[in-house]
Amino acid sequence: MSMTSSLTTPLGGPSLPQERRMVTSIPGPRSQELLARKAAAVAAGVGHTAPIEAVAAGGGVIVDADGNSLIDLGSGIAVTSLGNAHPKVVEAIAQQAAQFTHTCFMISPYESYVGVAEALNRVTPGDHAKKSALFNSGAEAVENAVKIARKFTGKPAVVAFDHGYHGRTNLTMALTAKAMPYKSGFGPFAGEIYRAPLSYPFRDGLSGADAAKKAISLIEKQVGADNLAAVIIEPIQGEGGFIVPADGFLPALVDWCRANNVVFIADEIQTGFARTGAMFASELFGIVPDLITTAKGIAGGMPLAAVTGRAEIMDASHAGGLGGTYGGNPVACAAALAAIDAFENDGLIERAGEIETILKDRLGALQQSDPRIGDIRGHGAMIAAEFVDPETGEPDAALTGAVAKACIAEGVIVLTCGTYGNVIRFLPPLSIPDHLLHEGLDVIAAALAAR
Ligand SMILES: Cc1ncc(COP(=O)(O)O)c(CNCCCC(=O)O)c1O
């Protein structure tokens with residue numbers, strides 16, 4: 001008997017009607033009640049994008065407490081790639097939770113943590129010997145990747161890039177470029193963190209090789225390879241605006257790191273697990289990172305994160321040097337094993353490619369008639385449109401925010417991003433049916449045309 005059959009009738013998952021359904025305005029009365037309670041009970045710094053009370057989700061929709069069904073183009077920021085409440089994940093969670101929910105892997109180890117490490121060592125780029133360590137959040141994984149790189153090299157400095165995003169802890173805020181909302185007022189930040197220029201083809205017009213030369217020159221002059229433990233970069237930047245570096249940029253950085261005993265860390269927390277039309281975005285650029293950080297899509301919505309990398313680097317930490325109470329929680333690991341199995345065997349990489357075609361075709365057609373769309377970029381189901389003043393090329397954050405707000409009011413959850421706040425990003429669940437993706441794009445086109 002399925003463990004989930006003992007639960008109340010499952011509300012979420014792919015069985016939800018795959019439709020946009022507007023029963024009330026957004027937010028409806030039930031959502032307004034929750035938002036009033038949120039304002040009274042939750043710290044003001046914890047914002048929200050969609051003013052709804054989510055009660056169910058699956059396929060390509062999120063249903064709210066007022067009965068509205070909204071098209072989800074955000075996947076909870078690139079997390080529910082498999083589709084919310086995926087049956088394989090729900091079953092795995094229920095079965096594990098019924099056995100034990102926590103022992104602390106550093107106290108009483110269990111198989112699912114080792115199984116996830118073995119899976120990560122298998123599916124991440126590179127055929128060298130690898131090891132992994134599991135954590136809870138992306139920022140925690142990034143913090144530990146930096147710890148490991150510093151221990152392995154014996155050097156303190158770390159280079160991150162313009163427009164980069166790596167988390168909200170003290171070190172990861174130091175690595176993150178954008179001040180508001182992530183950093184303002186939360187300093188001082190960790191030392192020995194330096195920033196290099198990124199390849200941003202739409203704005204710098206440089207080749208990958210030239211952009212790499214510029215970055216490497218700054219690193220050599222302002223940091224020095226002898227002081228540098230690691231370079232960390234998102235192969236396609238997430239919060240910074242879905243910036244795809246010019247061909248050749250990333251391989252040139254990797255080559256320089258290899259020649260200078262600098263650990264190359266690919267932060268694939270947002271790009272990982274089929275999101276970009278490959279298992280990992282590093283594959284798209286022909287690079288093999290020394291360390292890779294993963295989270296978000298890894299466990300179908302359960303909080304799990306990891307550092308995976310060259311065994312000799314991962315083993316540089318002394319016994320007891322890595323860990324944490326919840327790292328690799330067994331319920332999250334059970335979910336991850338189910339999720340990784342689905343990513344490997346359920347055609348999701350191909351699905352991401354199909355979604356890319358729909359998005360780029362539709363957005364490209366829009367751009368033909370609306371030059372305010374300055375750039376369309378991305379890979380797989382990680383696509384973005386950058387909005388500009390067509391006369392000056394200046395970022396148009398006001399238009400971007402107005403379009404996104406209008407879409408949410410019409411029952412389409414879209415997310416914005418970018419250093420200049422002028423990027424609408426598309427991160428639909430890979431489980432979204434084509435008709436909903438098209439309908440979401442119809443709503444965006446109408447919102448744009450009305451402004
Ligand atoms: C590349 C990359 N590295 C690291 C992180 C951090 O992952 P955590 O799980 O949010 O800590 C992210 C998280 N991105 C979304 C954060 C949104 C927000 O907090 O407002 C990322 O994208």
Side-chain angles (χ1 to χ4, degrees), residues 42-50 73-81 134-146 158 160-184 186 190 193 198 230-245 250 264-273 275-276 280-282 285 289 291-308 324 326-329 332 335-336 378-382 384 404 413-419 421 423 425-427:
V42 177
V46 181
H48 59 266
T49 297
L73 297 183
S75 302
I77 318 181
V79 170
T80 52
S81 311
L134 305 183
F135 304 99
N136 305 286
S137 69
E140 198 183 353
V142 172
E143 290 261 359
N144 279 277
V146 169
V158 180
F161 284 80
D162 286 342
H163 313 289
Y165 180 92
H166 299 288
R168 294 175 178 260
T169 58
N170 189 270
L171 173 70
T172 56
M173 282 192 286
L175 293 166
T176 292
K178 193 174 182 181
M180 185 53 83
Y182 306 118
K183 302 170 71 166
S184 291
F186 295 129
I193 303 297
L198 181 80
V231 161
I232 183 168
I233 192 166
E234 304 149 86
I236 298 174
Q237 289 198 325
E239 308 308 313
F242 282 28
I243 300 165
V244 181
L250 292 173
F264 183 87
I265 304 170
D267 182 349
E268 293 233 29
I269 286 161
Q270 186 152 170
T271 54
F273 297 105
R275 173 57 56 187
T276 64
F280 293 96
S282 295
F285 301 98
L291 299 182
I292 183 169
T293 50
T294 57
K296 288 185 185 281
I298 188 172
M302 294 299 286
L304 188 69
V307 181
T308 300
Y326 293 109
N329 167 275
H379 286 281
M382 185 172 180
I413 298 174
V414 286
L415 307 182
T416 63
C417 65
T419 299
V423 176
R425 52 174 156 170
F426 297 86
L427 289 167

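When a ligand or atom number is given, it counts from 1 through the structure's own listing order.
Looking at Gln270 next to ligand 1, an N or O pair under 3.5 Å apart turns up. Backbone and side-chain nitrogen or oxygen atoms of Gly138 are examined, and one is located within less than 3.5 angstrom of a nitrogen or oxygen of ligand 1. Some N or O of Ala139 is nearer than 3.5 Å to an N or O of ligand 1, by distance alone. For the pair Arg168 and ligand 1, the shortest N or O to N or O distance falls below 3.5 Å.
When hydrogens are left out, the protein atom nearest atom 5 (C) of ligand 1 is Tyr165 CE2, 3.7 Å; that is the closest non-hydrogen contact. For atom 4 (C) of ligand 1, the closest non-hydrogen atom on the protein side is His166 O, 3.3 Å. With respect to atom 3 (N) of ligand 1, the closest heavy atom belonging to the protein is Asp267 OD2, 2.7 Å. Nearest protein heavy-atom contact of atom 17 (C) of ligand 1 is Ile77 CD1, 3.7 Å.
Between Lys296 and Glu268, no side-chain nitrogen of the basic residue sits less than 4.0 Å from a carboxylate oxygen of the acidic one, so the salt-bridge criterion is not met.
For the ligand labelled ligand 1, residue Glu140 lies outside the 4.0 Å heavy-atom shell.
When side chains are defined from C-beta on, Gln270 counts as touching Met382, because their heavy atoms get closer than 4.5 Å. The side-chain heavy atoms of Val158 and Val231, taken from C-beta on, include no pair separated by under 4.5 Å. Contact annotation: the side chain of Met173 approaches that of Phe186 to within less than 4.5 Å [non-hydrogen atoms, C-beta and beyond].
Judged by distance alone, the side chain of Thr416 and the main-chain N or O of Gly421 form no donor-acceptor pair under 3.5 Å. Looking only at distances, a side-chain donor or acceptor of Ser75 sits under 3.5 Å from a matching main-chain atom of Leu427.
Counting the atoms of ligand 1 from 1 in the order shown, those under 4.0 Å from a heavy atom of Glu234 are 1 (C). In summary, the atoms of ligand 1 found under 4.0 Å from a heavy atom of Ser137, numbered by their order in the structure, are 9 (O), 11 (O).
A distance below 6.0 Å separates the ring centres of Phe280 and Phe273.
A pairwise comparison of heavy atoms in Gly167 and Thr172 identifies C-OG1, 3.1 Å as the closest pair.
The nearest protein heavy atom to atom 10 (O) of ligand 1 is not closer than 4.0 Å.
Around atom 13 (C) of ligand 1, the closest heavy atom drawn from Glu239, Lys296, Glu268 belongs to Lys296.
Between the OG1 atom of Thr49 and the CD1 atom of Ile413 there is a distance of 9.0 Å, given to the nearest 0.5 Å.
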